[in-house]
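Quantities reported herein were computed from a predicted structural model and do not represent experimental measurements. Just so you know, ligand 1 is whichever comes first in the structure, and atom 1 is the first atom listed for that ligand.
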Amino acid sequence: MVSRAEAAPTVGVLALQGGVAEHAELLEKLGAAVRLVRRPGDLEGLDGLVLPGGESTTIDRLTRIFGLREPLIAAVREGLPVLGTCAGLILLSTEVEDPAAGQQVLGLIDVTVRRNAFGPQVDSAEAELPWTPAGGGAATVTAAFIRAPEVIRLGDGVEACSVLVDADGRRRVVGVRSGAVTGVSFHPELTGDGTVHAEFLEQVREHAGARV
Ligand code: GLN
């Protein structure tokens, strides 16, 4: 029998709206079994969860309509590793500087984000981003920026794992991690760069192994 730790980990991709397929494809390529998450029962037994990009206000609304909001928060608080990209990062945050009317966030990583923070020159462009792996060192990620948010406040215990230096020399945080929660402003799944997802899957495998 294959033990739980050796088997492919099961990673959920929140599939209410947004760029779901590209995440699923990349995760499968990296050895995960993917489950699309649309209702609370879909969260059961997951080893990790991805919140895709899209429109954070729509995803927020749909998580509430489908009764996913509270079980998702509970699962991550219990230690389920989660990766949010773009709108997914906005959802993970504790605060949005410029929320749409009635917009709620999940409050799972103590950061404040500014939506649509990059101008047209960076927007929708492919960029080479610096990436600090969890264990230290330096890497780069090729990713797309699409109406990307910026992290403008990092709470205690939150580390910046990707920082852009713009033309004016300003440091702009576009990747954060705290424990099992990672959020990035950009879309590595759109270029197929597996750096961020592979690191996430390491965390997922550790989490799955610890539960055997
Ligand atoms: N600006 C979008 C939002 O507020 C995010 C864009 C994206 O996910 N590509 O949700």
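Residue-ligand proximity, G53 to ligand 1, at heavy-atom distances under 4.0 Å covers atoms 8 (O). Listed by number with element, the atoms of ligand 1 under 4.0 Å from a non-hydrogen atom of C86 are 5 (C), 6 (C), 7 (C), 8 (O), 9 (N). Atom numbering of ligand 1 starts at 1 in the shown order; those under 4.0 Å from a heavy atom of I90 are 3 (C), 4 (O), 10 (O).
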Yes or no on salt bridge (charged side-chain N to carboxylate O under 4.0 Å, His left out) for R115 and D98, after CA distance, side-chain angles and deciding distance?
CA-CA 7 Å; R115 295 169 65 211; D98 49 349; 5.2 Å; no

Start with the C-alpha gap between R38 and D42, add the side-chain angles, then the distance that decides, and say whether salt bridge (charged side-chain N to carboxylate O under 4.0 Å, His left out) holds.
CA-CA 7 Å; R38 297 205 171 92; D42 299 335; over 6 Å; no

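Here's the thing with I146: one of its N/O atoms is less than 3.5 angstrom from an N/O atom of ligand 1. Taking only nitrogen or oxygen atoms, main chain and side chain alike, A87 reaches within less than 3.5 Å of ligand 1.
Looking only at heavy atoms of the protein, atom 10 (O) of ligand 1 is closest to S56 N, 2.5 Å. In this structure, the protein non-hydrogen atom closest to atom 1 (N) of ligand 1 is N116 OD1, 2.6 Å. The nearest protein atom to atom 5 (C) of ligand 1, hydrogens excluded, is given as G54 O, 3.4 Å; this is a heavy-atom distance. In terms of protein heavy atoms, atom 4 (O) of ligand 1 is closest to R115 NE, 2.8 Å.
No side-chain donor-acceptor contact under 3.5 Å links Q103 to the backbone of R61.
Between the NZ atom in K29 and the CG atom in L27 there is a gap of 11.0 Å [rounded to 0.5 Å].
T195 and D193 share a side-chain donor-acceptor pair at under 3.5 Å.
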Output side-chain donor-acceptor pairs under 3.5 Å for residues 78-94, partner residues at least two apart or in another chain, one line each.
{"from": "T85", "atom 1": "OG1", "to": "H23", "atom 2": "NE2", "distance (Å)": "3.1"}
{"from": "T85", "atom 1": "OG1", "to": "G53", "atom 2": "N", "distance (Å)": "3.3"}
{"from": "S93", "atom 1": "OG", "to": "I90", "atom 2": "O", "distance (Å)": "2.7"}
{"from": "T94", "atom 1": "OG1", "to": "D110", "atom 2": "OD1", "distance (Å)": "3.3"}
{"from": "T94", "atom 1": "OG1", "to": "V111", "atom 2": "N", "distance (Å)": "3.2"}
{"from": "T94", "atom 1": "OG1", "to": "V111", "atom 2": "O", "distance (Å)": "3.0"}
{"from": "T94", "atom 1": "OG1", "to": "R153", "atom 2": "NH2", "distance (Å)": "3.4"}

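Using cut-offs of 30° and 60° on the angle between ring planes, the pair W131 and F186 is perpendicular.
Neither the backbone nor the side chain of T85 has any atom closer than 4.0 Å to an atom of ligand 1 (non-hydrogen atoms only).
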